[in-house]
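Here the structure is a predicted model, which is why all the values come from computation and not from measurement. Order of the sequence lines fixes the chain letters, A, B, ..., with proteins taken first and strands second; residue numbering starts at 1 for each chain.
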Amino acid sequence: MQEILQYIFSGITSGAIYAVIAVGFSMLYNSTELINFAHGEFVMLGALSFITLSGPFQLPLLSAFFLSVAGVACIGMLFERLAIRTVREPNPIVLIIITVGASIFLRGVGMLVWGKDAHTMPPFSKHPPLDIEGAKLLAQSIWIVAIMFLMAAGLHLFYKKTLTGKAMQACAISQKAAWLAGIPSKFMILLAFGLSTGMGAVAGVIISPITMCGYDMGTMLGLKGFCAAMLGGLGSLWGSLIGGLLLGILEALGVGLISSGLKDATAFLLLLFILYVRPSGIISSVNVERF
Amino acid sequence: MNKPYWYRIAYVAVAAIVILTGILVSNAYYLQLLTFIGINTLLALGLNMLMGYAGQISLGHAAFYGIGAYTTAILTVHYAISPWLALPAAILIAMAIAYIVGVPTLKLSGYYLGMGTLGFGMIIHILFREWSSITGGASGFIGIPPLEFGPVSFASGRNYFYLVWGFVLLSLIICRRIIDSRVGRGLRSIHDGEKTARAVGVDTSQLKLQVFVLSAAFSALAGFLYAHLVYFISPGTFDFITSIRIVTMVVIGGMASIWGALLGASLLTLLPEWLHSFSEFEMVVYGLILMSVMIFLPQGLTRGLMDIYERSKKSQNR
Amino acid sequence: MNDQKKARTDNQPLLEMDAVSKSFGGVHAVRGVSFWLEQGTITGLIGPNGAGKTTLFNLITGVFRANSGRMIYDGKTTHDARINELVRRGISRTFQNVELFESMTVLENILVGQYTQTRCGIWGSIFRFPWMVREEHLARQNAMALLEFVGLEAYAEQKSGDLPFGWQRLLELARALAARPKLLLLDEPAAGLNIVETAQLGELIKKIREQNVTILLVEHDMSLTMTVSDKIIVLDQGVKIAEGLPREVQANEAVIKAYLGTTG
């Protein structure tokens with residue numbers, strides 16, 4: 001029992017990170033129907049710039065947080081402006097390769113700036129781990145889950161309460177119709193890129209104290225975040241959250257109870273399962289066109 | 001009706017170039033590089049049938065490459081089976097797996113198909129890494145025997161070069177013949193408009209599955225040749241990045257073009273060698289090249305450069 | 001109406017629709033539509049936009065499955081038949097918005113149209129068995145004959161996407177004929193054509209009927225529909241409101257109210 005509780009704690013921790021990454025995928029997909037294979041690299045950029053800003057630059061955690069997220073969001077918008085908007089034939093294959101190219105490019109940049117070594121980061125707060133029924137709950141885990149919920153609530157409010165959020169949703173439904181209604185759809189896409197990559201950076205920031213951070217950390221995180229988004233239903237905010245948490249917990253249980261070799265396989269087995277059985281995701285009611 | 005005639009000339013030309021190259025190049029490093037180009041051409045050719053002609057993306061083709069390599073490694077080392085028997089076994093196993101995976105996967109389209117094949121590729125890659133009792137795990141598989149045929153040993157660089165390029169030439173002819181047939185036209189009709197193709201009577205799901213299986217066979221052949229070339233394989237060779245590299249060869253060379261596959265494979269094999277001089281900047285430059293080709297020449301280099309040439313000719317004529 | 005009854009006893013119907021319905025969610029696109037098409041006739045299917053004509057086409061060609069009702073084609077039910085099987089059985093169509101395989105040549109488009117009429121598979125194409133070479137040769141001859149029929153033989157090697165729009169329509173028609181249809185469904189074949197082209201199309205359609213092909217024609221161009229059709233069926237909001245000879249339908253009050261009335 002104590003063991004299982006421990007697995008669930010660690011599952012929720014990594015699951016919350018997958019969830020934040022998944023939300024980034026989902027919201028970009030929502031407004032642009034595009035899957036950004038470089039998303040994981042933005043997570044990496046967020047983590048490493050945060051470590052640098054709070055470490056060598058000695059900024060307070062909060063300002064390091066905001067600075068790195070804002071910086072990464074700017075890079076994301078730059079990426080949209082320079083590489084995505086200029087595409088002549090925006091079909092999936094071309095866009096997949098461009099974003100893959102961007103991921104290789106950003107990984108290369110990460111290697112140039114931060115070198116090949118992994119970096120570490122002390123936890124946000126120095127509280128000792130909580131002891132619940134014999135299982136240890138790290139303070140950082142609470143931070144991670146709290147930030148995930150804060151962000152989800154913020155996004156929810158953004159979509160439901162602000163005009164910009166509504167305009168963005170309008171663009172998602174029909175770019176042309178939104179443009180005719182006077183919504184600057186190009187700007188909305190730019191904004192969506194900024195928000196999505198910014199969210200990737202948030203994931204990077206909160207993961208930095210619990211893992212080794214290097215220039216190549218992003219690929220796997222990105223892919224798993226994508227699996228989580230698919231699990232919950234690509235394009236759905238709450239679906240992505242649930243998908244992320246579910247993936248984290250299943251992964252931790254798989255590793256703990258069955259085999260550590262399953263760690264990375266869980267996400268992809270779930271991905272295939274969901275694609276074959278219910279491509280709209282476990283909670284979404286929208287039908288995905290399979291033809 | 002003159003087309004087949006030109007194709008024949010092209011094959012003869014390629015064969016002549018291959019033979020001449022084998023005679024003239026004696027530097028072992030260059031010969032090996034050229035052999036790698038041949039292996040990559042096989043990979044690109046197979047995927048090009050699926051992507052370029054049928055319009056179905058696969059981000060997991062390294063899996064079939066790996067299945068070919070690991071099958072022959074396991075059969076020849078663990079079971080001491082002759083490599084020439086392991087070759088059909090490797091191809092058949094890859095085809096069988098492609099069939100089983102293809103049935104549910106090819107029902108997907110667009111990004112979902114990309115993701116489905118990606119997931120499959122990752123799972124196979126993890127299998128190579130984790131099933132260490134059979135595959136040697138993350139540290140790899142050592143001691144794959146060299147190829148021999150009677151008195152002819154393919155251990156030398158030149159013979160292996162000829163062997164690989166013989167297979168390439170054969171595959172070029174096979175692909176050309178398929179494309180110029182009813183099957184090939186069916187595939188291209190799927191690429192142009194799947195719904196219309198179905199309405200016209202093309203059995204799209206059957207054709208997609210067939211070409212998926214066929215491309216798996218080409219990849220497995222490439223994997224077999226790779227394993228017996230380097231005698232050592234490890235999971236890292238068959239990961240997600242490799243799958244992407246194969247896709248890139250197809251796209252950069254130009255989709256729906258057999259010679260494009262050859263060009264793409266050559267460029268992407270040579271590019272890293274050339275980029276070594278950039279050392280630290282290698283990845284940055286590689287990523288930039290990938291992005292800019294897709295942004296400015298989304299049709300790939302063969303088609304893109306041809307378009308530019310034609311446009312400049314037209315503007316001169318005016 | 002007497003003419004029709006008589007025709008039915010003379011001529012076995014090629015297609016019989018019996019109380020066919022189809023709805024999407026709560027929208028009833030087609031409601032209890034019944035009619036039959038006699039062999040070798042041209043039937044015009046008309047009705048205002050949203051009347052359910054295209055849905056009916058998709059039902060007949062097997063794209064959609066009917067929620068209820070029966071469809072008998074050539075003596076057998078079409079229920080659960082796959083699209084390509086129906087094409088093989090002789091149901092062929094053109095599209096409202098021309099749908100060619102644009103990167104392929106004019107000739108190749110027709111060859112794809114013959115897909116169900118030919119058999120060569122992967123092995124056949126790799127080994128080029130003699131029968132396969134013969135089949136390919138025949139297919140090309142047929143394709144050229146069809147191109148001559150619509151007058152495009154000089155453009156066989158051109159990319160189909162580069163043809164002017166009117167010719168694309170003709171090519172699509174030829175592609176539909178390549179499947180050797182018994183039943184040919186034409187979805188607004190004259191849309192976008194000028195008067196001369198429309199008249200030529202009318203002649204072609206009549207010629208096709210002479211080869212004992214049954215034609216179901218959806219067309220907004222009344223001059224074409226009324227001149228070539230042997231029978232007219234009028235749909236409105238998914239329901240058949242009239243059926244009869246062109247002049248009968250033109251005089252029908254329900255039709256005038258539902259259809260001609262709205263267009264002025």
Are any of the side-chain heavy atoms of B:L118 and A:F268 separated by less than 4.5 Å?
-> yes
Approximate separation, where rounding is to 0.5 Å, of B:I295 CD1 and A:L82 CG = 8.0 Å
Of A:V87, A:I35, A:T86, A:L106, the largest count of non-hydrogen pairs under 4.5 angstrom with chain B goes to A:I35
Taking atom CH2 of B:W131 as the centre, report whether more than 12 heavy atoms of other residues, nucleotides or ligands fall under 6.0 Å from it.
-> no
Interatomic spacing from CD1 in B:I241 to CG in A:D216 - rounded to 0.5 Å = 10.0 Å
Shortest non-hydrogen pair, A:V94 vs B:M294, comes out as CG1-O, 4.0 Å
Between atom OG1 of B:T105 and atom OH of A:Y276, what is the distance when rounded to the nearest 0.5 Å?
-> 2.5 Å
How close do A:A83 and B:M291 get, heavy atom to heavy atom, and via which atoms?
-> CB-SD, 4.2 Å
Test item: B:M122 and A:M220 side chains (from C-beta on) under 4.5 Å apart, heavy atoms | yes
With a cut-off of 6.0 Å (strictly less than), are more than 12 heavy atoms of other residues, nucleotides or ligands near OH of A:Y7?
-> yes
Interchain contact, B:V101 with chain A, by part (heavy-atom threshold 4.5 Å) = both
Pick out which of B:V285, B:L288, B:L290 makes a side chain to side chain contact (heavy atoms under 4.5 Å, CB included) with A:F105.
-> B:L288
Which atoms form the tightest heavy-atom contact between B:R129 and A:D264, and what is the distance?
-> NH2-OD2, 3.4 Å
Go through the atoms of B:L113 and report whether side chain, backbone, both or neither lie under 4.5 Å from a heavy atom of chain A.
-> neither
Let me know if A:L34 has heavy atoms under 4.5 Å from chain B in its side chain, its backbone, both or neither.
-> both
Chain B heavy atoms under 4.5 Å from A:L269: which part of the residue, side chain, backbone, both or neither?
-> both
Supply the atom-to-atom distance A:I274 CD1 to B:Y112 OH, rounded to the nearest 0.5 angstrom.
-> 11.0 Å
Tell me, side chain or backbone of A:L271 under 4.5 Å from chain B's heavy atoms, or both, or neither?
-> side chain
Classify the angle between the aromatic ring planes of A:F37 and B:F240 as parallel (below 30°), tilted (30 to 60°) or perpendicular (above 60°).
-> parallel
Check each atom of A:F273 against the heavy atoms of chain B and say whether the ones under 4.5 Å are side chain, backbone, both or neither.
-> neither
If one checks every heavy atom of A:L112 against chain B at 4.5 Å, the contacting part turns out to be side chain
Rounded distance (nearest 0.5 Å) linking atom CE of B:M283 with atom CE of A:M111 = 4.5 Å
Counting heavy-atom pairs under 4.5 Å to chain B, which of A:A265, A:S259, A:G108, A:G101 comes out on top?
-> A:G101
Considering only heavy atoms and a distance below 4.5 Å, find which of B:I289, B:I123, B:T204 pairs most often with chain A.
-> B:I123
